[in-house]
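Worksheet: the structure to be examined is printed underneath.
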Amino acid sequence: MAEFIGRPFFSCRSCRNPVALPDDVLSKKFYAKWGPAYMFTNVTNVVTGRTQDRKLITGVFAVADIYCSNCHEEMGWKYVRAHDPKQKHKEGRFIVDLSKIVKEY
Ligand SMILES: [Zn+2]
């Protein structure tokens, strides 16, 4: 957990498990299941669910829901595979709903 010491980070709103760093925010212009969301290049302390195809605003993707590793609150999803070649840059990225995280300083 050393990477979270002495710098701001995002944590799970329910249990305060550290899940992401502001440096890893790739885009703030996303909209997830519950509202506005951020795209991250990397998250930590989450577990992924089963990969399944889902139709999103920008097309069909194979996605896996992500859950807090501590309290198992659903937080968003991981783009596993894009069916549209133009959306390939999203593969391996994570969408985290802002209503599920809180920024810690
Ligand atoms: Zn949690």
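First listed ligand is number 1; within each ligand, the first listed atom is number 1.
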Checklist entry - In terms of side-chain geometry, is the basic nitrogen of Glu74 or Lys100 positioned less than 4.0 Å from the acidic oxygen of its partner? => result no

Checklist entry - Can you tell me if Asn17 and Ser69 form a side-chain donor-acceptor pair at under 3.5 Å? => result yes

Next on the checklist: Any side-chain to backbone donor/acceptor pair from Glu91 onto Ala82? Under 3.5 Å, distance only.
Outcome noted: yes

Next on the checklist: Pairing donors with acceptors under 3.5 angstrom, does anything connect the side chains of Thr58 and Lys90?
Outcome noted: yes

Checklist outcome for this item: Excluding water, the protein N, O or S atoms sitting under 2.8 Å from the Zn ion (ligand 1) are Cys12 SG, Cys15 SG, Cys68 SG, Cys71 SG

Checklist entry - Between Arg54 and Asp65, is there a side-chain N and carboxylate O pair less than 4.0 Å apart? => result yes

Item to check | Residue pair Tyr79 / Leu56, side-chain heavy-atom distance below 4.5 Å | outcome: yes

